[in-house]
Amino acid sequence: MEIESSPSTSSSALYSSDQYHVPHKWLEVQDSLKKKLVTEDDYTWKLGETGEGCGVELLKYIGGVDISFSKDDPSVACGTLVVLDFKTLDVVYEDSSIVTIDVPYVPGFLGFREAPIFLKLLEKMQNGSHPFYPQLLMIDGNGILHPRGFGSACHLGVLANLPTIGIGKNLHHVDGLTNSKVRELFEADENYNIDFIYLIGDSGNTLGAALHSSKGSFKPIFVSIGHRVSLASAVEVVRRTCNYRVPEPIRQADIRSREYLRKHH
DNA sequence: GCGACAG
DNA sequence: ATCTTGTCGC
């Protein structure tokens with residue numbers, strides 16, 4: 001007869017520390033959603049730039065999402081969805097919502113905590129048949145650059161059935177990838193004036209790319225595919241939305257969510 | 001054995 | 001994520 005395991009003994013030994021507890025079914029749900037993941041370009045529009053205006057549908061509305069948390073009450077947060085014009089990078093839509101979050105942050109399960117909030121914002125827009133509903137979404141968090149290949153960008157992409165790109169501002173150490181390894185790769189290629197390197201794990205899989213996205217930034221951002229987009233397209237889109245280190249859709253969502261929270265709380 | 005740990 | 005001052009540069 002099995003003895004009931006103690007609460008500190010999580011079903012997945014992601015980390016040797018018992019600092020985090022993985023709620024029941026999260027691994028199963030993640031695995032189930034992962035089966036619906038599409039890792040290639042799956043959309044009808046083009047990125048434009050060359051020979052546009054020939055009747056082809058172009059990428060115009062690109063979304064960004066982020067969440068800011070209250071310093072006083074960690075359960076109070078503000079989720080924000082912005083939509084930018086891909087060409088001009090002007091914000092053409094913004095919606096923010098103050099919410100209370102009871103779902104804990106567990107490394108490797110960020111989607112469970114944040115995706116529901118973004119889904120609500122997207123549904124609100126979709127239900128109103130808003131003309132600026134995003135064709136593609138950028139998420140503050142990783143895509144397949146993740147311990148089980150299913151980060152929050154994949155999570156939201158599958159649930160929203162939208163092409164998504166994951167943006168990490170810090171490296172999630174996965175498959176043998178480390179910051180020093182990334183530094184080495186950049187230094188090895190620096191002679192060729194290359195501003196990005198592919199993140200290839202010990203498994204041999206390409207999990208994403210590290211990109212020096214703006215001129216004055218030595219610290220890279222970490223791009224990985226979420227859903228229905230190829231890595232090449234993802235990097236291209238990210239490149240073209242970076243006025244600063246952080247791509248504009250995410251940067252605007254970040255700024256505006258923090259501002260909204262400050263005003264309404 | 002210790003410690004790592006997207007947001 | 002959030003806690004935080006000054007400081008360097010355009």
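Throughout, a chain's letter reflects where its sequence line sits, starting with A, and its residues are numbered from 1. Everything numeric in this text was worked out from a predicted model, so none of it was measured.
- Nucleotide B/dA4 holds its C1' atom 12 Å from the CG atom of A/L171, rounded to whole Å.
- Side chains of A/N170 and A/K219: a donor on one and an acceptor on the other come within 3.5 Å.
- Between A/D85 and A/K60, at least one side-chain N (NZ, or NE/NH1/NH2) sits under 4.0 Å from a carboxylate O, which counts as a salt bridge.
- For C/dA1, the base is not stacked against the aromatic ring of A/Y105, per a cut-off of 5.5 Å between centres and 30° between planes.
- The distance from atom CD1 of A/I221 to atom C1' of B/dG7 is 16 Å, rounded to the nearest whole Å.
- Within residues 68-78 of chain A, the residues that place at least one heavy atom under 4.0 Å from DNA chain C are, in residue-number order, A/S68, A/F69, A/K71.
- At a cut-off of 3.5 Å, with distance as the only test, a side-chain donor of A/N161 or A/R228 sits close to an acceptor on the other residue.
- Using a 4.5 Å cut-off on side-chain heavy atoms (C-beta onward), A/I197 and A/V182 make contact.
- Between A/H212 and A/F196, every side-chain heavy-atom pair lies at or beyond the 4.5 Å cut-off.
- The separation between A/F222 atom CZ and B/dC5 atom P is 12 Å, rounded to whole Å.
- The side chain of A/R258 places an N or O atom within less than 4.0 Å of a non-bridging phosphate oxygen (OP1 or OP2) of C/dT2.
- If you measure from atom NZ of A/K169 to atom P of C/dA1, you get 5 Å, rounded to the nearest angstrom.
- One can place CD of A/E114 at 9 Å from P of C/dA1, the figure rounded to the nearest angstrom.
- Side chain to side chain, A/S233 and A/Y43 meet the donor-acceptor criterion of an N or O pair below 3.5 Å.
- A donor and an acceptor atom, one from each side chain of A/S203 and A/D175, are located under 3.5 Å apart.
- Geometric assessment of A/R183 against the ring of A/F218 yields a negative cation-pi assignment under the 6.0 Å and 45° thresholds.
- Backbone-only engagement by A/G168 is indicated by non-hydrogen atom pairs under 4.0 Å involving sugar-phosphate atoms exclusively.
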> Which dot-bracket notation, 5' to 3', represents the base pairing of DNA chain B when pairs are defined as Watson-Crick or G-U with both distances under 3.5 Å, crossing pairs as [ ], and inter-strand pairs as |?
Replying inline: .......
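- The only option from A/K124, A/K120, A/R256 that meets the salt bridge (Lys or Arg N to Asp or Glu O under 4.0 Å) definition with A/D95 turns out to be A/K124.
- Separating the CG atom of A/L177 from the C1' atom of B/dA4 is a distance of 14 Å, rounded to the nearest angstrom.
- Taking atom CG of A/N170 as the reference point, atom P of C/dT2 lies 13 Å away to the nearest angstrom.
- Between A/H173 and B/dA4 there is no side-chain N or O to OP1 or OP2 distance below 4.0 Å.
- Taking only side-chain nitrogens and oxygens, A/N142 never comes nearer than 4.0 Å to OP1 or OP2 of B/dG7.
- Look at OH on A/Y20: it is 11 Å from C1' on C/dA1, rounded to the nearest Å.
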